[in-house]
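These notes are about the structure you will find just below.
Side chains are part of it too, since the values below use all heavy atoms of this structure and drop only hydrogens, waters and symmetry mates. Quick caveat: nothing in here was measured; it's all calculated off a predicted structure.
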Amino acid sequence: MPELPEVETTRRGVSPHVIGRRVVTVNVREHRLRWPVPADLAQRMTGETVTAVDRRAKYLLFRTGRGSMMLHLGMSGSLRVLNAASEPGPHDHVDLILDHGHLLRYRDPRRFGSIHWLDGDEDHHALLDQLGPEPLSDVFTGDLLFQLSRGRKAPVKNFIMDSHVVVGVGNIYANEALFLAGIHPQRAAGKISAARYQRLAQTIRQVLEQAIAKGGTTLRDFVNESGSPGYFRHELKVYGRGGEACEGCGTALKEIRLGQRTTVYCGRCQR
DNA sequence: CCGGACGCCTGTCGGC
DNA sequence: TGCCGACAGGCGTCCG
(Lines give C-alpha, C1' and ligand atoms only; values in the text may rest on other atoms or scores of the structure.)
Protein backbone atom coordinates (compact mmCIF):
# COMPACT_ATOMS: atom_id res chain seq x y z
CA MET A 1 0.00 0.00 0.00
CA PRO A 2 0.28 3.10 0.60
CA GLU A 3 3.29 3.93 2.69
CA LEU A 4 3.55 7.24 4.52
CA PRO A 5 3.77 9.48 1.41
CA GLU A 6 0.63 7.98 -0.11
CA VAL A 7 -1.31 8.28 3.15
CA GLU A 8 -0.14 11.88 3.57
CA THR A 9 -1.06 12.63 -0.06
CA THR A 10 -4.52 11.24 0.66
CA ARG A 11 -4.84 13.30 3.85
CA ARG A 12 -3.92 16.52 2.09
CA GLY A 13 -6.15 15.71 -0.86
CA VAL A 14 -9.35 14.87 1.01
CA SER A 15 -9.00 17.49 3.76
CA PRO A 16 -10.38 20.52 1.89
CA HIS A 17 -13.34 18.45 0.68
CA VAL A 18 -14.39 17.02 4.03
CA ILE A 19 -13.38 19.52 6.72
CA GLY A 20 -16.37 21.58 7.79
CA ARG A 21 -18.77 19.18 6.04
CA ARG A 22 -21.53 17.33 7.86
CA VAL A 23 -21.95 13.60 7.38
CA VAL A 24 -25.47 13.03 6.04
CA THR A 25 -25.35 9.27 5.51
CA VAL A 26 -22.87 6.43 6.01
CA ASN A 27 -23.12 3.43 3.68
CA VAL A 28 -21.14 0.34 4.65
CA ARG A 29 -21.49 -2.26 1.89
CA GLU A 30 -18.75 -4.59 3.18
CA HIS A 31 -17.95 -4.98 6.88
CA ARG A 32 -15.28 -7.63 6.41
CA LEU A 33 -12.05 -5.69 6.24
CA ARG A 34 -8.91 -6.65 8.16
CA TRP A 35 -11.08 -6.12 11.21
CA PRO A 36 -14.85 -5.77 11.07
CA VAL A 37 -16.07 -2.26 10.42
CA PRO A 38 -17.79 -1.14 13.66
CA ALA A 39 -21.47 -2.04 13.42
CA ASP A 40 -22.39 1.35 14.87
CA LEU A 41 -20.15 3.46 12.61
CA ALA A 42 -23.13 5.03 10.82
CA GLN A 43 -24.89 5.74 14.11
CA ARG A 44 -21.76 7.41 15.49
CA MET A 45 -20.97 9.55 12.48
CA THR A 46 -24.30 10.54 11.00
CA GLY A 47 -25.00 14.19 11.68
CA GLU A 48 -21.46 14.90 12.82
CA THR A 49 -19.25 17.53 11.21
CA VAL A 50 -15.66 16.65 10.27
CA THR A 51 -13.41 19.14 12.03
CA ALA A 52 -9.97 17.88 10.96
CA VAL A 53 -8.14 15.06 9.20
CA ASP A 54 -4.97 13.97 10.99
CA ARG A 55 -2.43 11.25 10.29
CA ARG A 56 -0.61 9.02 12.76
CA ALA A 57 1.77 6.56 11.09
CA LYS A 58 -0.30 5.14 8.19
CA TYR A 59 -3.62 5.77 9.93
CA LEU A 60 -5.93 8.64 8.99
CA LEU A 61 -8.04 10.16 11.76
CA PHE A 62 -11.24 11.92 10.74
CA ARG A 63 -12.17 14.11 13.71
CA THR A 64 -15.70 14.94 14.76
CA GLY A 65 -17.24 16.35 17.92
CA ARG A 66 -18.08 12.84 19.16
CA GLY A 67 -14.94 10.96 18.24
CA SER A 68 -12.75 9.96 15.32
CA MET A 69 -12.94 7.52 12.46
CA MET A 70 -9.54 5.82 12.24
CA LEU A 71 -8.83 4.42 8.79
CA HIS A 72 -5.97 2.36 7.34
CA LEU A 73 -5.53 1.82 3.60
CA GLY A 74 -3.81 -1.57 3.88
CA MET A 75 -2.05 -2.66 0.67
CA SER A 76 -4.58 -1.62 -1.94
CA GLY A 77 -6.82 0.99 -0.33
CA SER A 78 -7.67 4.44 -1.60
CA LEU A 79 -10.03 7.30 -0.76
CA ARG A 80 -11.75 9.41 -3.37
CA VAL A 81 -14.07 12.40 -3.35
CA LEU A 82 -16.87 11.92 -5.86
CA ASN A 83 -20.29 13.25 -6.73
CA ALA A 84 -22.84 11.82 -4.31
CA ALA A 85 -24.74 10.28 -7.24
CA SER A 86 -21.82 8.19 -8.52
CA GLU A 87 -22.37 4.42 -8.48
CA PRO A 88 -20.07 2.23 -6.38
CA GLY A 89 -17.93 -0.47 -7.97
CA PRO A 90 -17.24 -3.99 -6.65
CA HIS A 91 -14.55 -3.01 -4.11
CA ASP A 92 -16.04 0.28 -2.96
CA HIS A 93 -16.79 -0.75 0.62
CA VAL A 94 -17.73 2.43 2.47
CA ASP A 95 -19.18 5.83 1.53
CA LEU A 96 -19.58 8.91 3.70
CA ILE A 97 -22.22 11.08 2.05
CA LEU A 98 -21.49 14.73 2.84
CA ASP A 99 -23.76 17.77 2.95
CA HIS A 100 -22.39 19.46 -0.17
CA GLY A 101 -23.44 16.84 -2.74
CA HIS A 102 -20.19 14.86 -2.62
CA LEU A 103 -19.11 11.68 -0.93
CA LEU A 104 -15.91 10.22 0.48
CA ARG A 105 -15.49 6.70 -0.95
CA TYR A 106 -13.23 4.01 0.47
CA ARG A 107 -12.07 1.35 -2.01
CA ASP A 108 -9.89 -1.61 -1.06
CA PRO A 109 -9.76 -4.67 -3.36
CA ARG A 110 -7.64 -6.79 -1.00
CA ARG A 111 -9.43 -5.70 2.18
CA PHE A 112 -6.21 -5.48 4.21
CA GLY A 113 -7.27 -2.04 5.37
CA SER A 114 -9.42 -1.26 8.37
CA ILE A 115 -11.78 1.23 9.97
CA HIS A 116 -12.15 1.85 13.69
CA TRP A 117 -14.07 4.32 15.80
CA LEU A 118 -12.38 6.20 18.65
CA ASP A 119 -14.73 7.73 21.19
CA GLY A 120 -14.22 11.29 22.36
CA ASP A 121 -11.11 13.32 21.65
CA GLU A 122 -8.49 10.80 22.74
CA ASP A 123 -6.31 8.80 20.38
CA HIS A 124 -6.50 5.75 22.52
CA HIS A 125 -6.33 2.51 20.60
CA ALA A 126 -4.22 -0.62 20.96
CA LEU A 127 -3.05 -0.26 17.36
CA LEU A 128 -1.62 3.20 18.09
CA ASP A 129 -0.08 2.53 21.49
CA GLN A 130 3.15 0.82 20.47
CA LEU A 131 4.06 2.96 17.48
CA GLY A 132 7.47 4.61 17.17
CA PRO A 133 8.12 8.22 16.18
CA GLU A 134 7.02 9.99 13.02
CA PRO A 135 9.94 10.09 10.56
CA LEU A 136 9.21 13.72 9.64
CA SER A 137 9.23 14.90 13.25
CA ASP A 138 12.12 16.29 15.28
CA VAL A 139 12.29 13.28 17.58
CA PHE A 140 13.33 11.05 14.69
CA THR A 141 17.11 11.27 14.57
CA GLY A 142 20.17 9.25 13.66
CA ASP A 143 21.01 9.10 17.37
CA LEU A 144 17.68 7.43 18.05
CA LEU A 145 18.27 4.82 15.32
CA PHE A 146 21.74 4.19 16.70
CA GLN A 147 20.52 3.73 20.29
CA LEU A 148 17.60 1.46 19.35
CA SER A 149 19.73 -0.68 17.06
CA ARG A 150 22.40 -1.69 19.58
CA GLY A 151 22.39 -5.45 20.00
CA ARG A 152 20.05 -6.01 17.07
CA LYS A 153 21.10 -8.74 14.68
CA ALA A 154 18.32 -8.32 12.15
CA PRO A 155 19.12 -6.77 8.77
CA VAL A 156 18.98 -2.97 8.84
CA LYS A 157 16.20 -3.04 6.23
CA ASN A 158 13.94 -5.02 8.56
CA PHE A 159 14.94 -2.69 11.39
CA ILE A 160 13.82 0.51 9.66
CA MET A 161 10.56 -1.17 8.55
CA ASP A 162 9.74 -2.02 12.19
CA SER A 163 6.93 0.32 13.31
CA HIS A 164 8.23 0.24 16.88
CA VAL A 165 11.40 1.94 15.61
CA VAL A 166 9.94 4.44 13.15
CA VAL A 167 6.55 4.50 11.44
CA GLY A 168 5.63 4.92 7.81
CA VAL A 169 8.65 3.32 6.12
CA GLY A 170 7.42 0.47 3.93
CA ASN A 171 9.15 -1.70 1.37
CA ILE A 172 9.62 0.84 -1.41
CA TYR A 173 11.04 3.65 0.69
CA ALA A 174 13.20 1.35 2.83
CA ASN A 175 14.95 0.21 -0.35
CA GLU A 176 15.31 3.76 -1.62
CA ALA A 177 16.59 5.25 1.65
CA LEU A 178 19.23 2.53 2.04
CA PHE A 179 20.46 3.10 -1.49
CA LEU A 180 20.70 6.84 -0.93
CA ALA A 181 22.59 6.25 2.32
CA GLY A 182 24.96 3.72 0.72
CA ILE A 183 24.06 1.04 3.27
CA HIS A 184 23.68 -2.64 2.37
CA PRO A 185 20.16 -3.82 3.28
CA GLN A 186 21.43 -7.06 4.83
CA ARG A 187 23.92 -5.45 7.19
CA ALA A 188 23.12 -6.22 10.85
CA ALA A 189 21.38 -3.19 12.37
CA GLY A 190 23.50 -3.39 15.52
CA LYS A 191 26.78 -3.11 13.63
CA ILE A 192 26.19 0.19 11.90
CA SER A 193 27.95 3.31 13.20
CA ALA A 194 26.29 6.41 14.61
CA ALA A 195 27.61 8.44 11.68
CA ARG A 196 25.99 6.13 9.16
CA TYR A 197 22.70 6.26 11.07
CA GLN A 198 22.84 10.05 10.88
CA ARG A 199 23.02 9.71 7.14
CA LEU A 200 20.24 7.10 7.05
CA ALA A 201 17.84 9.21 9.13
CA GLN A 202 18.53 12.01 6.68
CA THR A 203 17.83 9.91 3.56
CA ILE A 204 14.65 8.41 5.07
CA ARG A 205 13.33 11.91 5.68
CA GLN A 206 14.48 13.09 2.26
CA VAL A 207 12.90 10.27 0.26
CA LEU A 208 9.58 10.53 2.12
CA GLU A 209 9.42 14.30 1.63
CA GLN A 210 10.26 14.06 -2.06
CA ALA A 211 7.68 11.33 -2.56
CA ILE A 212 5.01 13.45 -0.89
CA ALA A 213 5.95 16.32 -3.21
CA LYS A 214 5.26 14.01 -6.18
CA GLY A 215 1.96 12.77 -4.80
CA GLY A 216 3.36 9.39 -3.72
CA THR A 217 4.17 6.23 -5.68
CA THR A 218 1.59 4.28 -7.67
CA LEU A 219 2.44 0.68 -8.52
CA ARG A 220 -1.09 -0.47 -9.19
CA ASP A 221 -3.92 0.62 -6.93
CA PHE A 222 -2.99 3.91 -5.36
CA VAL A 223 -4.83 7.03 -6.52
CA ASN A 224 -5.37 10.35 -4.80
CA GLU A 225 -8.71 11.93 -3.93
CA SER A 226 -9.25 12.87 -7.60
CA GLY A 227 -8.36 9.45 -8.97
CA SER A 228 -4.90 10.45 -10.18
CA PRO A 229 -1.82 8.29 -9.56
CA GLY A 230 1.33 9.43 -7.74
CA TYR A 231 4.39 10.22 -9.84
CA PHE A 232 7.29 9.29 -7.57
CA ARG A 233 7.59 5.93 -9.34
CA HIS A 234 9.68 7.67 -11.99
CA GLU A 235 12.09 8.85 -9.31
CA LEU A 236 12.77 5.43 -7.79
CA LYS A 237 16.46 4.54 -7.93
CA VAL A 238 16.30 0.83 -7.05
CA TYR A 239 12.78 -0.44 -6.31
CA GLY A 240 11.44 -2.26 -9.37
CA ARG A 241 14.80 -1.93 -11.13
CA GLY A 242 16.51 -5.24 -10.36
CA GLY A 243 19.00 -6.06 -13.14
CA GLU A 244 19.15 -2.49 -14.40
CA ALA A 245 22.31 -0.38 -14.19
CA CYS A 246 22.95 1.44 -10.92
CA GLU A 247 22.66 5.17 -11.41
CA GLY A 248 25.84 5.70 -9.40
CA CYS A 249 28.26 3.11 -10.80
CA GLY A 250 26.58 1.27 -13.67
CA THR A 251 26.70 -2.13 -11.98
CA ALA A 252 23.59 -4.30 -12.36
CA LEU A 253 21.27 -3.86 -9.35
CA LYS A 254 20.74 -7.02 -7.34
CA GLU A 255 17.34 -8.36 -6.30
CA ILE A 256 16.88 -10.67 -3.30
CA ARG A 257 14.21 -11.60 -0.74
CA LEU A 258 14.54 -10.22 2.79
CA GLY A 259 11.81 -10.95 5.29
CA GLN A 260 9.51 -12.12 2.47
CA ARG A 261 9.87 -8.77 0.71
CA THR A 262 11.61 -7.98 -2.54
CA THR A 263 14.84 -6.11 -1.86
CA VAL A 264 16.87 -4.28 -4.49
CA TYR A 265 20.29 -2.77 -3.98
CA CYS A 266 23.64 -2.02 -5.56
CA GLY A 267 26.30 -4.46 -4.39
CA ARG A 268 29.00 -1.91 -5.11
CA CYS A 269 27.54 1.38 -3.80
CA GLN A 270 25.91 -0.16 -0.72
CA ARG A 271 28.16 -1.66 1.93
C1' DC B 1 13.01 -9.65 24.15
C1' DC B 2 14.09 -10.79 19.31
C1' DG B 3 13.65 -12.59 14.70
C1' DG B 4 11.41 -14.96 11.23
C1' DA B 5 7.38 -17.07 9.03
C1' DC B 6 2.49 -17.12 8.21
C1' DG B 7 -1.95 -15.51 7.00
C1' DC B 8 -5.46 -12.34 5.68
C1' DC B 9 -7.59 -11.22 0.28
C1' DT B 10 -8.02 -10.13 -4.77
C1' DG B 11 -5.83 -9.33 -9.08
C1' DT B 12 -2.21 -9.79 -12.38
C1' DC B 13 1.57 -11.66 -14.71
C1' DG B 14 4.95 -15.00 -16.38
C1' DG B 15 5.95 -19.64 -17.55
C1' DC B 16 4.65 -23.97 -19.29
C1' DT C 1 -5.70 -20.59 -24.78
C1' DG C 2 -5.71 -22.15 -19.97
C1' DC C 3 -3.93 -23.28 -15.64
C1' DC C 4 -0.89 -22.56 -11.61
C1' DG C 5 2.28 -20.52 -8.79
C1' DA C 6 4.47 -16.37 -7.44
C1' DC C 7 4.04 -11.89 -6.17
C1' DA C 8 2.00 -7.05 -4.94
C1' DG C 9 2.63 -0.10 -1.01
C1' DG C 10 0.99 -3.90 5.47
C1' DC C 11 1.05 -5.80 9.74
C1' DG C 12 -0.82 -8.57 13.80
C1' DT C 13 0.08 -12.97 15.61
C1' DC C 14 2.39 -17.06 16.63
C1' DC C 15 6.34 -19.94 17.43
C1' DG C 16 11.15 -21.10 18.50
Side-chain angles (χ1 to χ4, degrees), chain A residues 1-11 29-37 55-60 70-79 89-93 106-116 125-132 135 147-177 185-191 204 207-208 210-212 214-224 229-236 238-243 255-264:
Chain A
M1 125 167 164
E3 300 183 41
L4 186 146
E6 293 74 40
V7 180
E8 180 61 19
T9 294
T10 299
R11 189 191 71 77
R29 285 176 290 272
E30 176 59 87
H31 282 82
R32 300 170 305 164
L33 302 183
R34 170 131 205 216
W35 286 281
V37 176
R55 179 185 59 73
R56 173 71 178 108
K58 295 173 188 170
Y59 292 94
L60 289 173
M70 177 172 116
L71 184 151
H72 197 292
L73 298 174
M75 285 279 259
S76 58
S78 61
L79 284 176
H91 301 298
D92 293 334
H93 305 312
Y106 171 69
R107 169 179 296 186
D108 186 1
R110 294 178 71 182
R111 290 192 274 126
F112 284 1
S114 60
I115 294 177
H116 294 86
H125 194 282
L127 294 171
L128 301 179
D129 285 347
Q130 306 295 321
L131 294 175
Q147 299 299 338
L148 291 177
S149 63
R150 293 309 89 182
R152 298 284 211 104
K153 293 178 178 171
V156 62
K157 176 165 178 260
N158 300 27
F159 177 68
I160 61 171
M161 289 178 69
D162 180 347
S163 65
H164 303 288
V165 174
V166 58
V167 301
V169 182
N171 196 38
I172 292 180
Y173 301 110
N175 279 295
E176 295 300 308
Q186 276 179 307
R187 181 166 292 276
K191 293 193 170 177
I204 287 173
V207 75
L208 295 177
Q210 290 178 350
I212 292 169
K214 294 281 183 177
T217 299
T218 297
L219 297 183
R220 150 162 276 102
D221 298 293
F222 178 71
V223 289
N224 68 12
Y231 296 105
F232 195 71
R233 189 176 188 176
H234 306 296
E235 314 295 324
L236 299 175
V238 287
Y239 186 87
R241 298 190 184 281
E255 189 162 315
I256 60 172
R257 301 284 291 175
L258 255 192
Q260 332 283 85
R261 316 300 295 276
T262 296
T263 303
V264 191

Distance, rounded to the nearest Å, where [X] contributes [atom1] and [N] contributes [atom2]:
{"X": "R150(A)", "N": "dC2(B)", "atom1": "CZ", "atom2": "P", "value": "14 Å"}
{"X": "D92(A)", "N": "dT10(B)", "atom1": "CG", "atom2": "C1'", "value": "14 Å"}
{"X": "Y173(A)", "N": "dG10(C)", "atom1": "OH", "atom2": "C1'", "value": "14 Å"}
{"X": "L33(A)", "N": "dT10(B)", "atom1": "CG", "atom2": "P", "value": "12 Å"}
{"X": "N158(A)", "N": "dC2(B)", "atom1": "CG", "atom2": "P", "value": "14 Å"}
{"X": "Y59(A)", "N": "dG12(C)", "atom1": "OH", "atom2": "P", "value": "5 Å"}
{"X": "H72(A)", "N": "dG12(C)", "atom1": "NE2", "atom2": "C1'", "value": "11 Å"}
{"X": "L4(A)", "N": "dG10(C)", "atom1": "CG", "atom2": "C1'", "value": "13 Å"}

query = Are T262(A) and R257(A) linked by a side-chain donor-acceptor pair shorter than 3.5 Å?
reply = yes
query = Want to settle it: does R34(A) or P90(A) sit nearer the 5' end of DNA chain B, counting the closest nucleotide to each?
reply = R34(A)
As a test of reading the structure: which of [options] is closest to the side chain of [X], going by heavy atoms?
{"X": "R152(A)", "options": "dG10(C), dT12(B), dC2(B)", "value": "dC2(B)"}
{"X": "R220(A)", "options": "dA8(C), dG3(B), dT12(B)", "value": "dT12(B)"}
{"X": "Q260(A)", "options": "dC6(B), dA8(C), dG10(C)", "value": "dC6(B)"}
{"X": "T262(A)", "options": "dC11(C), dG4(B), dC7(C)", "value": "dC7(C)"}
{"X": "H91(A)", "options": "dT10(B), dC7(C), dG4(B)", "value": "dT10(B)"}

ask   = Is the ring centre of F112(A) under 5.5 Å from the base ring centre of dC8(B), and are the two planes under 30° apart, so that they stack?
value = yes
How is [X] classified with respect to the nucleic acid when contacts are heavy atoms under 4.0 Å: base, sugar-phosphate, or nothing?
{"X": "D108(A)", "answer": "nothing"}
{"X": "G259(A)", "answer": "nothing"}
{"X": "R233(A)", "answer": "nothing"}

Within less than 4.0 Å of OP1 or OP2 of [N], is there a side-chain N or O belonging to [X]?
{"X": "K58(A)", "N": "dG10(C)", "answer": "yes"}
{"X": "R110(A)", "N": "dC11(C)", "answer": "no"}
{"X": "N171(A)", "N": "dG10(C)", "answer": "no"}
{"X": "R111(A)", "N": "dT10(B)", "answer": "yes"}

Ignoring hydrogens and angles, tell me if any N or O in the side chain of [X] forms a donor-acceptor pair with the backbone of [Y] under 3.5 Å.
{"X": "D162(A)", "Y": "N158(A)", "value": "no"}
{"X": "E3(A)", "Y": "P5(A)", "value": "no"}
{"X": "R55(A)", "Y": "A57(A)", "value": "yes"}

task = Could you please name the partner base of dC9(B), counting Watson-Crick and G-U wobble pairs only when both distances are under 3.5 Å?
result = none
message = Students often mix this up, so state it plainly: with edges at 30° and 60°, are the rings of Y231(A) and H234(A) parallel, tilted or perpendicular?
response = parallel
inquiry  = Parallel, tilted or perpendicular, judged at 30° and 60°: which one describes the rings of H72(A) and Y59(A)?
reply    = perpendicular
